[in-house]
Engineer: 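One structure follows; several queries about it will come next.
These figures come from a predicted structure and were not determined experimentally.
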Amino acid sequence: MHAPMKYMEKGLSIAADGIWQVFSAANKIKQNPSFTPRWSDRPLLKSHQKTKPPLGWPRQTDSLCPTCTREARQEILDGKKDVSILLNEKVGEIKATIIERDGKILMVKDCPLHGHFEDVMAMDPAFFKHLEEVFPGRDIRAHNDEKLHNHGSSTVKHGRGSVLTVDLTNRCNMMCDPCFMDANQVGFVHELSWEDIKQVLDNAITIKPRRQMSVQFSGGEPTMSPYFLDAVRYARKVGYNSVQAATNGIEFAKSPEFAKAAAEAGLRYAYLQFDGIGNAANSHRRVGNLFDVKLRAIENLYQAGVDIVPVITIVNGVNNEQVGRVIEFALDNPKRINFLSFQPVSFTGRDEEITPERRAAQRYTLSHLAHDVKNQTGIGEPIRDWFPISFMSTFTDWADVVHGPDREWGQLTCGCHPNCGIGMAVMIDKETKEAVPVTAFLKADQLAKDVAQVNDAARGRFLSVAGMALALMRNYDPFKAPTHFRIMDLMKKFDKTFGATGKNYGKVSGDRTMSDIEKRRGDRWNFLFIAGMWFQDLFNYDFRRTEMCIIPYATQQGEISFCAYNTGIGWRNIIEKMHMTATLTKWYEEHGRHEIFAGGKAVPLTAGETTLVLNAEAVAKGKQTDLDDLGIAKNAREEKLAARKKAQTSPEELRKHQEMERLYRQEVLKEQPTLQIQGLGGRKRKQDVAEVVHKPTV
C-alpha cells in the first residue's frame, strides 16, 4: 500500500533535482546584498564570509596548566592578588598541541613548572575530522557588548549564544558527584536577589546580535530560590519564549501543584538530571529513590504542559552502559520525550583535583557517545548521522533571511566550536514507534550546501522558501524514510521549527495556552534530537572554544562562557565569593537549614503508578561496577577516603598497591614504562597521562 506513494515521491525527488539545477544557476546571478536586521548592527553573513578557528591537526592552541590555574585562583580568593589580573594578564595559560597518536586525538601540553599533561579528545580520528569538516563557520561577531563581555582572554567574542544560564542559588537539596559548582560545600551562600535577577535578564537583551535565546535557571537547585517562579515569569515578560529550569526534579516530583505553577509562570522546558534507568543506575547520586523521583517529575511536568529534556552526565565506568537504555526509554515514550542531552563528564568542581588514574578511567568523549549509541541501540552511523550542533546554523541563517529585516529577534543559533557539541536527529512515528535517523533518508551534508546557496542569494521570503523546498526534495530518499513518513511531513517539520510560512502549529510565545501546547504535541512525528555537549576542564581546555561559547552565564560581573565560569580560571568561585549573600553560619541563623537528600535518604512521594513505558530488565539492573573491579574510586569523596587509607597503609601493602597500579597501567591502559627526566629549572617533570580505557559497550 505504501510502495506506490514511495515511488511517486522518488519521482518528485528526481524532478526536484532537475529543477534545482536551473534554480541554482539562476541564484548565482547578481545575488542580493545581505540586509542588516533590526536585531543586529551588522549585516547577515554570507557563507563565504564566515570565519573559522584553526581546525585539523596537528594544530596549536591556547590552553591552561591545571596546577598553575588552581594556584592563581586560590591567590585571588585569598586576597593576595586582585581579580583585575584576569583582565590584563594570561593567568595560567600555556600552549597546547592537538595531535593524533595510536588511533586517538590527544591534547598535549607542557608547563615549565609542573611538567607534562595530556588527555584524550576523541577515540575515533575519522569522526573528529568529520565534525570539523562540516562546521559551517562562526556567527556574527558580538557587538554592543563591551559592558558584559569583558573577561580578558576568557571573553566571549562570537554570536549571542543559545542558552543564557542564570544560577539563582548555590544551595541544593542534593549532595552528589559530579557537581560543577561543589554545591553546599563552599562555606557560604550565593543567591541572586530579585533586583539581581531582573538586572541580568535586562542586560542580556542589550547584546547584539540580539538572537532569541533560551533562558535556563540553574544552581544549585533553582527551585530552592524564593524567586524561581517570579524569575520564570519575568523572563517570559521581557521576550524569551523558551524558559528552562536545570533541575534534579525533586520539588516537581513532590508537588503537581508546583509543576503547574511553574508552567503557568511560563516554564517551557525542564532540563532534568537523569543518569540512567532504575534506582541502581542513579545510586551514585546518593538518593535512595532518585529514579522514582525522575518518573514522578516527568509525569507532573508533562501534565502541566512543560516539556522534559533528560540530561545525562556520562562518566565512563559509572553509567556509560546506560546510554542505550536512556535512548530506549525515549523511543518507548515518544509522546513525552523529544530531546536527550548527554553530557560527558567534565572534571571540575568537586572533581577538579582528580588523580590521573581516575581521570584516565572515567574520561568519556563525544566520539565515545556516538559509538556507544550505535553499539548499544543499533541506531546511527557515527559519521553519517552525527554532526556538530553548529551544523544547524546554516538552517537558522535561512530562517533569518526568510523572516526579513524587521524582526525584533534573530533566530536561535548554535554557533559553537565543532569540538563542543554534537547531535543526531531521529524521526519517530508516535503511533508505531518506528525510528529512523533523519540523515539516513536525508543527505544532510549536501542539503546544508544547497541551503547555503539559497541564503547567499538573499532573494527574499518566497524564493528562499521555494529553494528550501527544492533542496529538501532533491536530497530526500523516500525508501529509507519511516514507513508512513511523507515528504510533506518533512516540509511541515521544517516549517514548524522555523516558522517560515506563518502557519499556526501552536504558539510558543509568552501568551501560549494549553491548547497551543496540545496542538504542537499532536504531531504524529517526534523529531527526537539526541545531543552530546562536552564541557571543558583544565586538562582539555581550549580558548578557541571558550570565545565561541553558546551557553554564557549571566552574572553580576557580566556574561561569561560556561567553561570559563565553571572551570578555566574559575570565574564562578571568584564571583560567588565577591557577591556572597551570607556565610553558611549566618544564613542558617536567619533561614534555618534546608533539607538535603543524601546518604541514601529517600524523597517522600505520594503513592501512584507511572504511565511511562519502562523496560523492566533495565530498571532491575544493578549498578555498573567497572571501576570497582579495577579498584578505582568513582568520585572525589571515594578518592579522598582511599587517600586517607593509603596514608595508613604498611610499606608491604603499599608495594602491593603500587605493583597492581603498574600492571593496570601496562595491561589496561597499554602504557609503556617511562623514565622521569629533568625538566626546566632542575625540577622533575611529572608524567600526567590520561589514556581512555573505555570500550564501547555492546
Engineer: Which residues satisfy the side chain to side chain donor-acceptor pair (under 3.5 Å) test with Lys507, sequence neighbours excluded?
Structural biologist: Asp511

Engineer: Assess whether a salt bridge exists between Asp400 and Arg407, defined as any Lys/Arg side-chain N lying under 4.0 Å from an Asp/Glu carboxylate O.
Structural biologist: no

Engineer: Any chance the rings of Phe391 and Phe135 have centres within less than 6.0 Å?
Structural biologist: no

Engineer: For residues 493-506, pull every pair meeting salt bridge (charged side-chain N to carboxylate O under 4.0 Å, His left out), keeping only residues two or more places apart or in separate chains.
Structural biologist: Lys493-Asp523, Lys496-Asp523

Engineer: Does Thr413 form a side-chain contact (heavy atoms from CB on, under 4.5 Å) with Ser162? I'd like the steps, not just the answer.
Structural biologist: CA-CA 6 Å; Thr413 190; Ser162 300; 5.7 Å; no

Engineer: Taking the six-membered ring where the residue is Trp, are the ring centres of Phe329 and Phe274 under 6.0 Å apart?
Structural biologist: yes

Engineer: State which residues pass side chain to side chain donor-acceptor pair (under 3.5 Å) with Asn144; sequence neighbours excluded, sorted by chain then number.
Structural biologist: none

Engineer: Minimum heavy-atom separation for Ala297 and Leu272, please, with both atom names.
Structural biologist: CB-CD1, 4.4 Å

Engineer: Between Phe395 and Phe498, is the ring centroid distance below 6.0 Å?
Structural biologist: no

Engineer: Looking at Glu559 and Arg160, is any side-chain nitrogen of the basic one under 4.0 Å from a carboxylate oxygen of the acidic one?
Structural biologist: yes

Engineer: Side chain to side chain contact (heavy atoms under 4.5 Å, CB included) with Gln49: which residues, sequence neighbours excluded?
Structural biologist: Leu45, Lys46

Engineer: When you measure from the side chain of His151 to the backbone N and O of Gln557, does any donor-acceptor pair fall under 3.5 Å?
Structural biologist: yes

Engineer: Whether the Gln216 and Thr165 side chains hold a donor-acceptor pair (N or O, under 3.5 Å, no angle test) is what I'd like checked.
Structural biologist: no

Engineer: Strictly by modelled atom types, are Asn27 and Gln31 linked by a side-chain donor-acceptor pair under 3.5 Å?
Structural biologist: no

Engineer: Charged N to carboxylate O below 4.0 Å: is that the case for Glu431 and Lys335?
Structural biologist: no

Engineer: Using a distance-only test with no angle check, is there a side-chain donor-acceptor pair under 3.5 angstrom linking Ser346 and Thr348?
Structural biologist: no

Engineer: Is the shortest distance from a Lys or Arg side-chain nitrogen in Asp516 or Lys519 to a carboxylate oxygen in the other one below 4.0 Å?
Structural biologist: no

Engineer: Charged N to carboxylate O under 4.0 angstrom, Asp139 versus Arg211?
Structural biologist: yes

Engineer: Under the salt bridge (charged side-chain N to carboxylate O under 4.0 Å, His left out) test, which residues partner Arg459, sequence neighbours left out?
Structural biologist: none

Engineer: Taking only residues two or more places apart in sequence, or in another chain, which ones meet Asp489 in a salt bridge (charged side-chain N to carboxylate O under 4.0 Å, His left out)?
Structural biologist: none

Engineer: Do side-chain atoms of Ser24 reach the backbone of Trp20 as a donor and acceptor pair under 3.5 angstrom?
Structural biologist: no

Engineer: For the residue pair Asp542 and Asn419, confirm or rule out a side-chain donor-acceptor distance under 3.5 Å.
Structural biologist: no

Engineer: Looking at Arg544 and Glu547, is there a salt bridge between them, counting it only when a charged N and a carboxylate O are closer than 4.0 Å?
Structural biologist: yes

Engineer: Looking only at non-hydrogen atoms, find the nearest pair between Arg521 and Lys430 and report the distance.
Structural biologist: O-NZ, 2.9 Å

Engineer: When you compare the side chains of Thr313 and Gln343, does any donor N or O come within less than 3.5 Å of an acceptor on the partner?
Structural biologist: no

Engineer: List the residues meeting side chain to side chain contact (heavy atoms under 4.5 Å, CB included) with Pro344, not counting sequence neighbours, and say none if there are none.
Structural biologist: Tyr364, Leu366, Trp534

Engineer: Ignoring hydrogens and angles, tell me if any N or O in the side chain of Arg572 forms a donor-acceptor pair with the backbone of Asn566 under 3.5 Å.
Structural biologist: no

Engineer: What I want to check is whether the side chains of Glu221 and Asn248 have a donor and an acceptor closer together than 3.5 Å.
Structural biologist: yes

Engineer: Can you tell me if Ser13 uses its side chain to pair, donor with acceptor, with the backbone of Tyr476 under 3.5 Å?
Structural biologist: yes

Engineer: Do Phe485 and Trp525 make the cut of ring centroids closer than 6.0 angstrom?
Structural biologist: yes

Engineer: Taking all heavy atoms of Asp456 and all of Ser47, pick out the closest pair and write down the distance.
Structural biologist: OD2-OG, 2.6 Å

Engineer: Any side-chain donor paired with an acceptor under 3.5 Å for Tyr227 and Asp196?
Structural biologist: no

Engineer: Verify, without hydrogens or angle tests, whether Asn526 (side chain) and Ile337 (backbone) share a donor-acceptor contact under 3.5 angstrom.
Structural biologist: yes

Engineer: Kindly give the heavy-atom pair with the smallest separation between Gly380 and Met424, and that separation in Å.
Structural biologist: CA-SD, 3.6 Å

Engineer: Would a distance-only check, ignoring hydrogens and angles, find a side-chain to backbone donor-acceptor pair under 3.5 Å from Ser40 to Arg42?
Structural biologist: yes

Engineer: Using the side chain to side chain contact (heavy atoms under 4.5 Å, CB included) criterion, which residues pair with Ala564? Sequence neighbours excluded.
Structural biologist: Ser154, Tyr541, Thr546, Ile560, Ser561, Trp571

Engineer: Testing the 3.5 Å rule here: is there a donor-acceptor pair between the side chains of Asp397 and Gln411?
Structural biologist: no

Engineer: So, Tyr302 versus Asp307: side-chain donor-acceptor pair below 3.5 Å or not?
Structural biologist: no

Engineer: Check whether any side-chain N or O of Ser367 sits under 3.5 Å from a backbone N or O of Ala122 as a donor-acceptor pair, and report yes or no.
Structural biologist: no

Engineer: Apply the side-chain contact (heavy atoms from CB on, under 4.5 Å) test between Asn203 and each candidate in Asp145, Leu164, Thr555, Leu148; give the one that qualifies.
Structural biologist: Leu148

Engineer: Please determine if Arg524 and Asp429 form a salt bridge, counting it only when a charged side-chain N lies under 4.0 Å from a carboxylate O.
Structural biologist: yes

Engineer: Just jot down the side chain to side chain contact (heavy atoms under 4.5 Å, CB included) partners of Thr36, sequence neighbours excluded, or say none.
Structural biologist: Pro43

Engineer: Is a side-chain N or O of Asn540 found less than 3.5 angstrom from the main chain of Asp537, in a donor-acceptor match?
Structural biologist: yes

Engineer: Apply side chain to side chain donor-acceptor pair (under 3.5 Å) to Asp41 and list each qualifying residue two or more places apart in sequence or on a separate chain.
Structural biologist: Lys208

Engineer: Of all residues at least two apart in sequence or in a different chain, which pass the salt bridge (charged side-chain N to carboxylate O under 4.0 Å, His left out) check with Glu434?
Structural biologist: none

Engineer: Not counting sequence neighbours, which residues clear side chain to side chain donor-acceptor pair (under 3.5 Å) with Arg336? List them please.
Structural biologist: Glu299, Thr611

Engineer: Could you tell me if Asp385 and Thr439 have a donor-acceptor pair between their side chains, going purely by distance under 3.5 Å?
Structural biologist: yes

